Structure formats: C-alpha cells, structure tokens
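Okay, structure first, notes after.
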Amino acid sequence: MFITFEGMDGAGKTTQIRLLQEKLERAGARVCVTREPGGAQVAERVRALLLDPALDMAPLTEAYLYAAARAEHVRRVIRPALERGEVVLCDRYLDSSLAYQGYGRGLGAENVRALNAAAVAGCLPQRTYLLLLPEARASQRRRQRGEAPDRIESAGAEFLRRVEAGFRALAAQEPERIRCIDASASPEAVFARIAADFDALS
Ligand code: Z5A
C-alpha cells in the first residue's frame, strides 16, 4: 500500500505519519516512512537546493527539480519498498507539485502533472490524507517549532493562498483517493479520523 500525506506546511503531516506508523507496526506490518523532496541520497541533495532561502530560481526550474528528486525517490525507495510488501507512508508527493508549482507558481496543474509523468512512472498512492488547517494556525505551529522559514515558506501569503486553493481543487477532482481531514483538533483526534478511514481501506 502506498499512502501519502499532504497539506500546508505545519498542518501536522509528520505527526500523523508517526501515529499511523506506530499503529501499523503494532499490527505487525512492515512500514517504510519517507518524505519529499528527499527520501533518497540524490533527492536529499536536490532538497537542499530547493529549500535554500539564499537561492532564486525560475518556477519551471523548481518544478523540474522536484520531479527529478521524485524520479530518484520512486526508483530507489518507494517502488522497492512496495515490491518488498511494505506499507509506504510518504510525507508529500505528486499532489504537492500540482498545488505548489501548478497552482502556487502558476505553471498549471496539468502542465506539472505532464512534467512528472515519467518521474512517477505510474507509481501513485491509493490513499492521500489532505490535512486542512487555516494558514494562521499552521504558521503558529511552524513558529512553535522555532525554525527559520525555508525558501518555499518565504514565498508570501498570496502564494500560500493559491496553494491551499489548489489542494482543495485537487481533492474535489479526486474525492475517492484524497480524503480531507480537519487538522485543527488534537493530534489524537485528528488521528482517530485517519485511522477510521484507513481501517476501512485495508
Ligand atoms: N514542496 C513543493 O513545493 N513541491 C513538491 O513537489 C514537494 C514539496 C514535494 C517541503 O518542506 C517544502 O517543499 C514545502 C512544500 C514544498 N514547503 N512549504 N511550505 P518540508 O518537508 O520541510 O516541510 P513540510 O512538509 O511542509 O512540513 P513539516 O515542516 O514537516 O510540517 P508538518 O509535517 O505538516 O507538521 P508537523 O511537523 O507534524 O507539526 C508541526 C508542529 O505542530 C509541531 O510542533 C507539532 O508538534 C505540532 N502539531 C502537529 N499536530 C498538531 C495538532 N493536531 N495540534 C497541535 N499541534 C500540532
């Protein structure tokens, strides 16, 4: 099974992935937890370029770099883990490119999907949990972490608004795969919703 988690930065994806990993491992499943951009050696190098606040790059360059990191991640980590029978839990995937580069940067979701076709090579998630949290709450959670904003986080409120609208549009297009989860409750309450859906899926 290939499961992805999406949403705005700080919505709680990492927290929810850890809770699902614990639940699955308690039940005896083998789990591969991974993230984008990154997850593989070369992809982690590309991640450093993509998130470096000192770099400025054209939107198309950015989209290709995310796709390049994904090509490596799919071939080195995700597909091999699926072939070994592991459950793959991935923090962001193709939908992030559609939302951030397609809607946020204005490249167009379908152009970004086309540019990613060879990178994902048919490797697509069965279920995606889209964690929805008002931007003000997400930025409050990010501040609590005390880390300096990365290049994408620094792109401005209007950009983030387009990204969020993009995620909602993607969920409306594929309601059978993308489950919208209200991420404003406690981590345990949010997880209860994810677990109920996951149990029905598996
Ligand atoms: N990006 C892109 O543009 N195109 C692409 O194709 C891909 C990505 C794949 C990657 O950033 C950036 O790349 C991202 C999109 C872009 N940029 N933005 N913006 P990243 O990997 O460094 O970070 P992230 O994935 O955006 O998010 P994150 O930092 O990992 O946050 P999170 O996983 O969603 O949240 P968290 O770490 O679980 O929780 C944040 C804090 O809130 C933490 O202190 C928790 O303890 C707390 N928390 C979590 N849940 C709760 C609840 N329920 N209540 C209260 N507090 C909570």
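Sequential numbering from 1 along the given sequence is applied to the chain's residues. None of the values given here were measured: they were computed from a predicted structure. Order of listing sets the numbers, starting from 1, for every ligand and every atom in it.
Judged purely by distance below 3.5 Å, without hydrogens or angles, the side chains of Arg92 and Tyr66 never pair a donor atom with an acceptor atom.
Here Arg142 does not pair with Asp150 in a salt bridge; the nearest charged N to carboxylate O distance is not below 4.0 Å. Salt-bridge annotation for Arg70 and Glu36: present, with a side-chain N of the basic residue lying under 4.0 Å from a carboxylate O of the acidic one.
Of the polar atoms of Gly12, at least one N or O is found under 3.5 Å from an N or O of ligand 1, judged by distance alone. Residue Tyr93 places no N or O, backbone or side chain, under 3.5 Å from any N or O of ligand 1. Among the atoms of Pro187, some N or O lies under 3.5 angstrom from an N or O of ligand 1. At least one N or O atom of Ala185, backbone or side chain, sits closer than 3.5 Å to an N or O atom of ligand 1.
Protein heavy atom nearest atom 8 (C) of ligand 1, with residue, atom name and distance: Tyr66 CE2, 3.4 Å.
Using a 4.0 angstrom heavy-atom cutoff, Gln144 does not count as in contact with ligand 1. The closest approach between a heavy atom of Glu62 and any atom of ligand 1 is not below 4.0 Å. Ligand 1 has Arg70 within reach: a non-hydrogen atom of the residue lies less than 4.0 Å from it. The shortest separation from a heavy atom of Leu51 to ligand 1 is under 4.0 Å, placing the residue in contact. Contact between Gly38 and ligand 1 is absent, with no heavy atom of the residue lying under 4.0 Å from the ligand.
For Cys123 against Leu82, the heavy-atom pair with the smallest separation is SG-CD1, 4.0 Å.
Membership of the apolar cluster around Leu24 extends to Met1, Ile3, Phe5, Ile17, Leu19, Leu20, Val31, Val33, Val87, Leu89, Tyr129, Leu131, Ile181, Val190, Phe191, Ile194, Phe198, Leu201, as traced through chained side-chain contacts below 4.5 Å between ILVMFWY residues.
Remark: Arg45 CZ is loosely packed, at most 12 non-hydrogen atoms of other residues, nucleotides or ligands lying under 6.0 Å away.
Below 4.0 Å from some heavy atom of Glu36 lie the following atoms of ligand 1, by number and element: 9 (C).
The aromatic rings of Phe167 and Tyr100 lie perpendicular to each other, with more than 60° between the two planes, well past the 30° mark.
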